[in-house]
Amino acid sequence: MKKILLFLANFMMFFCIIAFVITCSFLLFGSVVELPEEDIRTFAPAIFFNIFALTTFFVAADTLRRKITVERPVKEIRRVLEKLMKGDFSARISVPYIINRENHFRDIAESINLLAAELGGVETLRTDFIANVSHELKTPLAVMQNYGTMLQKPDISDEERLEYSKAITDTSRRLANLITNILKLNKIENQQIFPSVKKYDLGEQLCESVLMFENVWEQKNIEIETDIEDGVIINSDPELLSLVWNNLISNAVKFTNEGGTVSIGMKSIEDIIVVRVADTGCGIPPEVGSHIFEKFYQGDTSHATQGNGLGLALVKRVVDIMNGEISVESALGKGSTFTVKIRRNWHERLEKNL
Ligand code: ADP
């Protein structure tokens, strides 16, 4: 109340000064044009009060206008920003509330709402990611603890001892793999990887990737077919791309039964390279196909222990960074074909989409 009175007093003082100045001007003007003194005396107070009333009215109207069109939106924007700062990403500015169109408050409000939605999405991803990681870490740890406890029993046979220690080694390898993949994904997602781009032979890289899984495809008696164009030199980041080929080929070998076939093809069409990894494995049902590039998603649970659902998420992220494309065609029980399209030159990746 005291504040309002003080505010009004200040305003009144301001109007009085304006009215006083204008009245003085009128008096001066009256004496210059030699108006009768009588007239000046009658008109002076009327002029003073008229000017006082008019300025009061217009300033009050303008204050009200500013309150509605400037102060109210600013207050609303501040309210929402404060909520966002406190981590409440569900806060939104009610846009119809902001009626001032000319000074772009509406645009600002819409941008803040978009930002809040984005932050909310990132937060959900982050919490989901932590929940998934903790779950994925806990499971192998529990398995290792279990086998460790069994190993401590004095009356176990040599065979059992071997079996338990092998289980521990396998599980710890899986755990190490998982952590490596999480770190890689995290690095790629944060764009911390500065690509180390160089010219190299893509065909050679693909052959190396195939050979990396030699013991697995030999064990499963899987036939490997290759149709790789010779001498395709690309200018790209070999480490990032090897993640793509290794994951696709290891999946193809993993999801193909004994005696099946895995084919790897590569051809260049001008500056676009097309790589195909096909298998005659179990195939992917349509409802699974729409999720396979999501983090921690595992469609085929019978192979769950051999992976962690991060491989294709990594692949997709790398292909996205390169503005490339990845697609999958699959028939249940018949096999799957993954097709990757990238540009020959890394530096073109940002300028053009395929
Ligand atoms: P992981 O292989 O560790 O389970 P990925 O991210 O590499 O995780 O793959 C996700 C899912 O996609 C797999 O669990 C599987 O269901 C499906 N998938 C991927 N590649 C193939 C393939 N070649 N054949 C059949 N299913 C596949």
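Both counts, for ligands and for their atoms, begin at 1 and track the order of listing.
- Considering R161, E160, K166 in turn, E160 is the only one that fulfils the side chain to side chain contact (heavy atoms under 4.5 Å, CB included) rule with Y164.
- Between atom 25 (C) of ligand 1 and the options T337, I284, N181, the minimum heavy-atom separation is to I284.
- In this structure, D279 is part of the shell of residues with a heavy atom less than 4.0 angstrom from ligand 1.
- Of all atoms in ligand 1, listed by their number and element, those nearer than 4.0 Å to a heavy atom of Y297 are 10 (C), 11 (C).
- With no hydrogens or angles considered, no side-chain donor-acceptor pair links E225 and T261 at under 3.5 Å.
- Close approach to K254 involves these atoms of ligand 1, each under 4.0 Å from a residue heavy atom: 1 (P), 2 (O), 3 (O).
- The shortest separation from a heavy atom of S336 to ligand 1 is under 4.0 Å, placing the residue in contact.
- We find the CZ-CG distance between R343 and N235 to be 13.5 Å, quoted to the nearest 0.5 Å.
- Here the CD1 atom belonging to I224 is positioned 9.5 Å from the CG atom belonging to L211, to the nearest 0.5 angstrom.
- Under 4.0 angstrom from ligand 1, the non-hydrogen atoms of L312 come from both its backbone and its side chain.
- Among N251, L248, L314, the residue whose heavy atom lies nearest to atom 7 (O) of ligand 1 is N251.
- The line from CD1 of I112 to CD1 of I93 is 4.0 Å long, rounded to the nearest 0.5 Å.
- Remark: ligand 1 and G299 share an N or O pair separated by less than 3.5 Å (distance only, no angle test).
- Under a 4.0 angstrom heavy-atom cut-off, F293 registers as lying outside contact with ligand 1.
- Heavy-atom minimum distance, W217 versus V210: NE1-O, 3.0 Å.
- Counting heavy atoms from C-beta on, the side chains of I234 and L241 come closer than 4.5 Å.
- In summary, the atoms of ligand 1 found under 4.0 Å from a heavy atom of G283, numbered by their order in the structure, are 25 (C).
- With hydrogens and angles ignored, the 3.5 Å screen pairs no side-chain donor or acceptor of T256 with any backbone N or O of V253.
- Heavy-atom contacts of I292 reach the following atoms of ligand 1: 10 (C), 11 (C), 12 (O), 17 (C) (cutoff under 4.0 Å).
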